[in-house]
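The figures that follow rest on heavy atoms only: side chains count, while hydrogens, waters and symmetry mates do not.
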Amino acid sequence: MNLAEQNLETIQNEISNTIVELSKLNTVTENKLDKDRIEHAQDLSSKLSDLYAALSHQEKVLSDSFKKDEKAQLDATGRRYIFKDYRATNVMYRNGNRFDIYMPYYLFKGTNKGKGTGCKPGLQLLGIHHAISNGLSTYIAMLSAALSSYDEVKKHLAKVNIHLSVASIVKISKHISKLARLSQSAEKYLSGFNNTNTIVVSIDGDRIRIRSKKRGPKTAKKRNRFKGQWREVKLFVIYVVDEGGNKIKKELPIIDGIIGSPQRVFNLLKNYLAGLDLNTVNNLVFVADGAPWIWKRINQLLETMILRSDIKVYQVLDYYHAMEHLNALAKQLYKSKSDQGKWARSCKELLHAGKVDEFIAKIKLDSKYKKGKLVKSEKGYFINNADRLIYKTCKDHGLPQGSGAIESGVRRVVNLKMKGNSIYWKEDSANDMLFIRSFYKAGRWEDIERMAYAGGLAMAS
């Protein structure tokens, strides 16, 4: 009997003993259980749950299918290897209990004299990373994405008897994010897209502070100096709407984004759109504000996409941003508020009637004798986006006119988590958090769990 088989018996005995202890609590004759007895029962139940998880892992290690998968992982390295022995890994499970799991330890031939040259490929196959079970790792990552700070996560875990340092929580959360990103494939995200008649894509950005090392001596507290710079977070949301242009609540949106160049975020968006079954799509709508970097790359994106000839593609300038610019222009053209309001209303009537050419002609004529950078800027805003002022078309065809979905996404994903007094992020950490928080806020956390496990397998191979 090898060490793994012995450990299997040990776990089974521990399960039997725990069940006996629980059964003794059921023989209490008093009408009411005291607080200590209730807490003891809860602890035993949590322990029993983790024991069954450990039992499942140890049984898998001894199964023929597991050994076959393990061999495939080793063969994929292209290196010669030998089995050394069974070695224990003390794994923490979902409820904070730790149990040893014995699995094969292999040495690569020609390197067994050095340290750290062996491996346990079974850990990745079981989804165990940093001696933490997959269930607990993804739970920690979820809390990190949901709560305001890592310190809050630490306190929350401590309440359920899981004691980890902030550094460990950060490491685990980042690792889960990287594994999920590693196996990322848009086809896995679309389980909730049942109605794909009209798909809407909206893009926007916001800024957070990124820290980078600063040259020079350390501070009096022996800390590295750093400089903080504002960097733009570029976020997008993909969702479906009904015939009235309203977001279908039962259809989970896709939210994602990165800190990086505009081209990087559009490459990411392209990968998502490539995973959509566009054969069932009748309308593809892009909604955004007037940022030139967005519309320039949307046109480039459309040129590279293969779409059915009958798919209608719409580009819509966010109505609420447009009205802000219209009111700003009115203030430059007229002094009195009544004249400003009257002029703005006449412009809106033209837009609502679909008379875009007349609207552009009107703002050109009315601002002809007005000088100033602001007048020129606001006028250019509408002239450059004239083809996107299709609000009547949107109303007639039940298409969204505003970018409220992405505005809300930016607020929930970025502002409420990653911005604040004295909050600085390293770029790598910020991108990891953006990924898992975006999926959490979109209601797609199960996708992160599935992708993280698949990413672990990919990393092992």
Quiz item: cation-pi between [X] and [Y], 6.0 Å / 45°:
| X | Y | answer |
| --- | --- | --- |
| Lys247 | Tyr239 | yes |
| Arg87 | Tyr102 | no |
| Lys270 | Phe236 | no |

Okay, side chain of [X], backbone of [Y]: is any donor-acceptor separation there less than 3.5 Å?
| X | Y | result |
| --- | --- | --- |
| Ser202 | Val287 | yes |
| Arg308 | Val281 | yes |
| Lys120 | Ala88 | yes |
| Ser137 | Asn134 | no |
| Arg209 | Gln229 | no |
| Asn97 | Tyr93 | no |

Salt bridge check, [Y] against [X]: does any charged N sit closer than 4.0 Å to a carboxylate O?
| X | Y | answer |
| --- | --- | --- |
| Asp428 | Lys178 | yes |
| Asp43 | Lys47 | no |
| Arg450 | Asp447 | yes |
| Asp64 | Lys68 | no |
| Arg181 | Asp256 | yes |

Crowding at NZ, Lys419 (>12 non-hydrogen neighbours, <6.0 Å) =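 Count over threshold, so yes.
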
List the steps, then state whether side-chain contact (heavy atoms from CB on, under 4.5 Å) holds for Leu125 with Phe66.
-> CA-CA 8 Å; Leu125 292 172; Phe66 184 88; 3.7 Å; yes

Assess the side chains of [X] and [Y]: does a donor N or O sit below 3.5 Å from an acceptor N or O?
| X | Y | answer |
| --- | --- | --- |
| Asn385 | Gln315 | no |
| His57 | Tyr52 | no |
| Asn267 | Gln263 | yes |
| Ser168 | Ser165 | yes |

I need the minimum non-hydrogen distance between [X] and [Y], along with the two atoms involved.
| X | Y | value |
| --- | --- | --- |
| Cys119 | Leu74 | SG-CD2, 3.9 Å |
| Lys84 | Leu107 | CD-CD1, 3.9 Å |
| Tyr453 | Leu126 | CE1-C, 4.2 Å |

Mind checking whether Tyr314 and His397 have parallel, tilted or perpendicular rings, split at 30° and 60°?
-> tilted

Parallel, tilted or perpendicular: ring planes of His175 versus His130, cut at 30 and 60 degrees | perpendicular

Apply ring pair (Phe, Tyr, Trp, His ring centres under 6.0 Å) to the pair Tyr319 and Tyr391, showing each step before the final yes or no.
-> CA-CA 8 Å; Tyr319 180 80; Tyr391 305 120; 5.0 Å; yes

Could you please spell out the steps behind the side chain to side chain donor-acceptor pair (under 3.5 Å) verdict for Lys417 and Ser148?
-> CA-CA 6 Å; Lys417 170 73 177 182; Ser148 299; over 6 Å; no

Tell me, with the steps shown, if Tyr81 and Tyr106 meet ring pair (Phe, Tyr, Trp, His ring centres under 6.0 Å).
-> CA-CA 6 Å; Tyr81 59 88; Tyr106 295 88; 5.8 Å; yes

Taking it one step at a time, do Ile255 and Leu235 satisfy side-chain contact (heavy atoms from CB on, under 4.5 Å)?
-> CA-CA 7 Å; Ile255 305 175; Leu235 210 69; 4.1 Å; yes

Lys234 versus Ile258: any side-chain heavy-atom pair under 4.5 Å?
->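 Not in contact.
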
